[in-house]
S.K.: 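Dumping the structure here so I can ask a few things about it.
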Number of protein chains: 2
Amino acid sequence: MIRLTKQADYGILLMTQFARAGMGAVFSASDLASRSGLSLPMVNKTLKLLSRAGLLSSQRGVNGGYQMSRDAGAITLEEVIAAVDGPIALTECHEHGAGNDCGISSHCPTRLNWGIINDALRDSLAGITLLQMIRPFLGAKSLPARERVA
Amino acid sequence: MIRLTKQADYGILLMTQFARAGMGAVFSASDLASRSGLSLPMVNKTLKLLSRAGLLSSQRGVNGGYQMSRDAGAITLEEVIAAVDGPIALTECHEHGAGNDCGISSHCPTRLNWGIINDALRDSLAGITLLQMIRPFLGAKSLPARERVA
DNA sequence: TCCATACAGAACCATTTCGGTTCTATTTTA
DNA sequence: TAAAATAGAACCGAAATGGTTCTGTATGGA
């Protein structure tokens with residue numbers, strides 16, 4: 001099955017905590033561990049990745065912690081997942097540009113289309129912001145119209 | 001990263017071989033192995049899954065083999081992937097209905113939305129047929145309008 | 001009749017990846 | 001200067017993945 005890693009799931013869970021607290025709220029790793037029910041080491045590890053990717057900004061030392069570096073409406077699921085799990089790509093063929101020969105590329109007549117498919121999935125996730133995540137789309141049968149966030 | 005298993009990739013590769021040969025074409029596993037450049041055992045294993053899922057029908061014995069049980073335009077990527085990899089679900093929470101407690105569900109404020117997100121991705125894949133796979137959408141920047149295939 | 005072909009199904013194993021922990025450094029402030 | 005808090009990397013067991021191999025069953029032709 002197509003699966004998200006647990007850590008990416010944790011990443012989203014953590015980011016939604018920030019989103020719910022609103023822009024400017026600061027949480028330490030241990031704060032979030034108790035809030036989320038996840039283990040401290042795991043929270044630490046995940047926050048570091050989110051921070052490295054620029055989604056959170058960090059402050060060291062006493063009273064330090066993390067906070068969103070952008071508004072919740074400007075952070076997409078695609079970014080959170082990519083921050084934790086790496087680039088979103090269904091097949092290995094398209095992970096890095098060149099030099100990545102899957103060995104059957106000469107037999108692979110559909111290779112050209114994979115890029116398009118990957119983009120379609122990526123766009124699906126890029127169309128969902130943290131803001132949308134924290135307010136359940138009540139009664140919605142499908143996703144609301146996507147506004148691309150540059 | 002979000003990743004398709006190699007075997008699912010193989011499944012799609014094999015199905016496109018059938019699609020290109022057109023409805024009614026019969027291939028044996030060894031035929032496909034040499035055509036695709038994949039190992040015979042792997043091709044065997046994958047064809048069995050596709051057959052079990054009803055995408056291919058099989059004929060045993062001498063001159064036997066596999067053929068598409070539906071037209072290429074009526075088989076979607078979603079079906080092929082599900083046949084090989086199992087149901088498409090980003091998170092474990094929604095794989096089976098009940099009795100699947102992730103342990104943090106009480107802390108998981110976004111759980112309700114995962115169903116919607118999973119559906120969005122599934123629809124993306126369900127909107128791409130084998131027929132579309134074998135004729136590259138020349139110059140297309142995005143996917144053509146999706147026609148739901150029941 | 002009998003044997004080669006070809007699918008069906010399951011078990012099996014090595015390798016990789018994942019989930020999670022631990023350890024050491026660096027920064028900051030009371 | 002000591003405690004709080006992030007930064008970074010190494011490490012390890014468990015699970016999933018990728019392949020292979022083996023046994024069984026159906027089919028058709030010599």
Side-chain angles (χ1 to χ4, degrees), chain A residues 1-14 18 26-34 36-67 69 81 83-86 89-92 95 102-104, chain B residues 1-11 13-14 18 26-34 36-67 69 81 83-87 89-92 95 102-104:
Chain A
M1 80 208 85
I2 295 181
R3 215 180 81 262
L4 211 58
T5 63
K6 282 193 179 178
Q7 204 186 357
D9 204 1
Y10 298 162
I12 294 168
L13 178 53
L14 292 172
F18 284 99
V26 175
F27 293 110
S28 71
S30 45
D31 279 347
L32 289 166
S34 49
S36 66
L38 302 175
S39 75
L40 179 57
M42 212 55 215
V43 169
N44 259 313
K45 189 180 184 175
T46 307
L47 288 174
K48 285 172 205 168
L49 290 173
L50 294 169
S51 175
R52 252 183 252 174
L55 301 180
L56 297 176
S57 56
S58 62
Q59 175 68 24
R60 289 188 175 185
V62 178
N63 294 329
Y66 295 91
Q67 63 179 321
S69 48
I81 294 170
V84 177
D85 274 357
L90 272 189
T91 64
E92 295 174 11
E95 269 173 46
C102 62
I104 58 169
Chain B
M1 80 208 86
I2 293 181
R3 214 180 84 261
L4 212 58
T5 63
K6 281 192 180 180
Q7 203 184 359
D9 203 2
Y10 298 162
L13 179 54
L14 292 173
F18 284 100
V26 175
F27 293 111
S28 71
S30 44
D31 279 347
L32 288 167
S34 49
S36 65
L38 302 175
S39 75
L40 179 57
M42 212 55 217
V43 170
N44 260 313
K45 189 179 185 177
T46 308
L47 288 175
K48 285 173 206 167
L49 291 173
L50 294 170
S51 175
R52 250 183 255 174
L55 301 180
L56 297 176
S57 55
S58 61
Q59 175 68 25
R60 289 187 175 186
V62 179
N63 294 331
Y66 296 91
Q67 62 177 324
S69 48
I81 293 171
V84 177
D85 273 357
L90 271 190
T91 64
E92 294 173 14
E95 269 173 49
C102 64
I104 58 169

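Numbered from 1 within each chain, the chains take letters A, B, ... in sequence-line order.
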S.K.: Rounding to an integer number of Å, can you tell me how far B:Leu40 CG sits from C:dA8 P?
M.R.: 13 Å
S.K.: Is the phosphate of D:dG24 approached by B:Arg60 (side-chain N or O, under 4.0 Å from OP1 or OP2)?
M.R.: no
S.K.: For D:dG19 and B:Lys6 - does any side-chain N or O of the residue sit under 4.0 Å from the phosphate oxygens OP1/OP2?
M.R.: yes
S.K.: Could you tell me the separation between the CG atom of A:Asn44 and the C1' atom of D:dA9, rounded to a whole number of Å?
M.R.: 13 Å
S.K.: Side chain to side chain contact (heavy atoms under 4.5 Å, CB included) for A:Leu32 and A:Phe18? Distances and angles first, verdict last.
M.R.: CA-CA 9 Å; A:Leu32 289 166; A:Phe18 284 99; 3.6 Å; yes
S.K.: Heavy-atom nearest nucleotide on DNA chain C for A:Gln7 versus A:Asn63: which residue maps closer to 5'?
M.R.: A:Gln7
S.K.: Please answer whether the main-chain N or O of B:Gly54 pairs with a side-chain N or O of B:Ser69 as donor and acceptor at a distance below 3.5 Å.
M.R.: yes
S.K.: Nearest-Å distance, CE (B:Met42) to P (C:dA14)?
M.R.: 17 Å
S.K.: Take the protein atom CG of B:Leu38 and the nucleotide atom C1' of D:dT20, then report the distance between them rounded to whole Å.
M.R.: 15 Å
S.K.: Rounding to a whole Å, what distance do you find between B:Leu49:CG and D:dG18:P?
M.R.: 12 Å
S.K.: CE of A:Met42 to CG of A:Leu40: how many Å apart, nearest 0.5 Å?
M.R.: 11.5 Å
S.K.: With DNA chain D as reference, determine whether A:Gly64 or A:Lys48 sits nearer its 5' end, using the nearest nucleotide of each.
M.R.: A:Gly64
S.K.: Round to a whole Å and report the spacing from NZ of B:Lys45 to P of D:dT20.
M.R.: 10 Å
S.K.: Are B:Pro41 and B:Asn44 close enough that some pair of their side-chain heavy atoms sits under 4.5 Å apart?
M.R.: no
S.K.: Of the candidate nucleotides C:dG9, C:dT21, D:dT6, which contains the atom at the shortest distance from the side chain of A:Pro41?
M.R.: C:dT21
S.K.: Under 4.0 Å between any heavy atoms, over every strand shown, what does A:Ser30 touch: base, sugar-phosphate, or nothing? Just pick one.
M.R.: nothing
S.K.: Of the candidate nucleotides D:dG18, C:dA8, D:dG28, which contains the atom at the shortest distance from the side chain of B:Val62?
M.R.: D:dG28
S.K.: Please determine whether a side-chain nitrogen or oxygen atom of A:Tyr10 lies at a distance below 4.0 Å from atom OP1 or OP2 of C:dC18.
M.R.: no
S.K.: Got A:Leu38 and A:Leu13 here, is their nearest side-chain heavy-atom distance under 4.5 Å?
M.R.: yes
S.K.: Between C:dA8 and B:Ser58, is there an OP1 or OP2 to side-chain N/O distance shorter than 4.0 Å?
M.R.: yes
S.K.: Without decimals, in angstroms, what is the distance between B:Arg52 CZ and C:dA8 C1'?
M.R.: 8 Å
S.K.: Using a cut-off of strictly less than 4.0 Å, decide whether B:Ser39 has a side-chain nitrogen or oxygen near OP1 or OP2 of D:dT20.
M.R.: yes
S.K.: Using whole Å, report how far CG of A:Leu4 lies from P of C:dC18.
M.R.: 11 Å
